[in-house]
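Just so you know, ligand 1 is whichever comes first in the structure, and atom 1 is the first atom listed for that ligand.
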Amino acid sequence: MKRYPAFDPPEYVAWEPEPGLVAAFAETPRRDPERRRVVEGLDEAALLGLYAGLLRTRLQDITLKRWVKTGVISKAWLGTGEEAMTVGPVLALERARDFVVPMIRNAGACAEMGMPIADNFRTYLGTGDAPSGGRDLHAGTLAHHVLQPISHVGDVVPVVAGMALAGAMRGDGAVTLTWIGDGSTKTGTAHEGLNFAAVRRVPAIFVIHNNQVALGTRIEQHHLPGEFEALPESYGMAGAAFDGNNVLDAYAAARLAAARCREGRGPVMLVGTTFRMGGHATHDEREARETFPAEWFATWGKRDPIGLYEAYLTGRGIAAPALEAVEAGVADEVARAETEALRSREERPPEPASAVRGVYAH
Ligand SMILES: Cc1ncc(C[n+]2csc(CCOP(=O)(O)OP(=O)(O)O)c2C)c(N)n1
Ligand SMILES: [Mg+2]
């Protein structure tokens with residue numbers, strides 16, 4: 001993809017595929033026979049759909065970062081380098097019946113569930129026609145089967161357990177998927193929700209989104225022994241790990257988990273490992289660079305989920321013009337959404353009276 005020197009992490013600006021990593025990318029989902037079958041069953045349209053999802057997610061972040069740098073908004077929570085964690089699992093679901101509950105770093109999930117990109121931007125701009133009515137910068141709308149994130153990390157887990165229980169009671173085969181950050185796993189509510197989901201065997205997928213940092217706290221400062229793979233079993237849940245920078249591995253793992261949920265076999269916890277290539281938000285990128293050794297950024301920078309996937313697609317015989325056409329289409333889609341959202345900012349400020357609507361007491 002086109003790189004954006006003013007906004008991309010420096011490791012991505014002159015990104016080149018490293019042959020060993022490209023080979024490992026193709027090999028990873030093939031190690032498990034079931035995942036291999038899922039990946040081999042993807043046709044070109046599905047493969048390019050995953051590519052479009054990654055680009056759409058990255059380009060929304062690039063737009064937000066440009067807005068921060070040009071004073072349109074004051075800060076943004078980005079998922080740069082973590083796109084595969086979001087896009088693979090969402091595209092493994094069935095939009096019409098399944099539900100997702102992203103955290104702010106998974107905001108790319110909204111568009112992949114069909115929510116207009118402009119609505120994600122409007123949420124940041126606090127416009128009256130944003131799904132939140134201008135009240136909250138967490139994006140989501142149930143019309144598109146996306147529940148808005150709850151700011152208090154971990155609190156969404158019991159809600160997800162309840163949504164999945166509701167799906168089981170309706171009997172419509174709906175699966176509910178959420179992400180739990182490595183830091184969020186430390187909250188009491190996350191534990192309660194996970195236990196409830198396991199005991200009631202609800203059709204939920206919990207993706208442990210291990211980006212190895214919780215705000216400014218490195219993984220080894222908040223988590224022993226440093227691995228999450230044992231967590232599913234400790235709840236009596238099915239579980240599996242996947243490569244968080246590999247959209248195919250993420251997709252296949254979630255696809256199999258969703259099938260298991262639909263068979264009534266209870267929840268699945270998927271553990272994905274990745275790395276946050278920016279700050280907690282745009283305000284602390286410099287601090288993030290001081291929080292981790294430079295080698296971490298160098299190592300994970302070589303594993304750009306988009307660059308590696310492009311190299312994989314090329315190896316699978318998809319020609320450069322096909323990739324470029326997808327990128328041009330997505331770039332246009334994001335640019336149009338930006339224009340629409342900025343128009344809303346001019347024309348659709350929230351009505352002052354709306355501040356007291358939908359609250360418990362006023
Ligand atoms: C209950 C609660 N405590 C503290 C915060 C402030 N806070 C926001 S995000 C965050 C770190 C979350 O880490 P993690 O779950 O790993 O998610 P990540 O930011 O890496 O995506 C913290 C401490 C919060 N939002 N909610
Ligand atoms: Mg984290």
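A cation-pi contact, defined as under 6.0 Å to the ring centre and within 45° of the axis, links R289 to F297.
A 6.0 Å sphere centred on CZ of R200 holds no more than 12 heavy atoms belonging to other residues, nucleotides or ligands.
Between T28 and D249, the side chains place no donor N or O within less than 3.5 Å of an acceptor N or O (distance only, hydrogens not considered). Using modelled atom types and a 3.5 Å distance limit, the side chains of H222 and D182 yield a donor-acceptor pair.
A salt bridge links E340 and R122; the closest N-O separation between the charged side-chain nitrogens and carboxylate oxygens is under 4.0 Å.
Between R36 and R31, every side-chain heavy-atom pair lies at or beyond the 4.5 Å cut-off.
Note: F121 and W67 have tilted aromatic rings, judged against thresholds of 30 and 60 degrees for the angle between ring planes. Aromatic ring pairs are classed by plane angle as parallel below 30°, tilted from 30° to 60° and perpendicular above 60°; the pair H191 and Y235 is tilted. Using bins of under 30°, 30° to 60° and over 60° for the plane-to-plane angle, the ring pair F25/Y309 lands in the tilted bin.
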May I have every N or O pair linking ligand 1 to the protein at under 3.5 Å, one per line with atom names and distance?
unit_1	atom_1	unit_2	atom_2	d
ligand 1	15 (O)	G183	N	3.3
ligand 1	15 (O)	S184	N	2.8
ligand 1	15 (O)	S184	OG	2.6
ligand 1	16 (O)	D182	N	3.3
ligand 1	16 (O)	D182	OD1	3.1
ligand 1	16 (O)	D182	OD2	3.4
ligand 1	16 (O)	G183	N	2.8
ligand 1	16 (O)	V213	O	3.1
ligand 1	19 (O)	R105	NH2	2.8
ligand 1	20 (O)	N211	OD1	2.9
ligand 1	20 (O)	N211	ND2	2.8
ligand 1	20 (O)	V213	O	2.9
ligand 1	21 (O)	R105	NE	2.7
ligand 1	25 (N)	S151	O	2.9
ligand 1	26 (N)	V153	N	3.2

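With waters neither drawn nor counted, the protein N/O/S atoms under 2.8 Å from the Mg ion (ligand 2) amount to 3.
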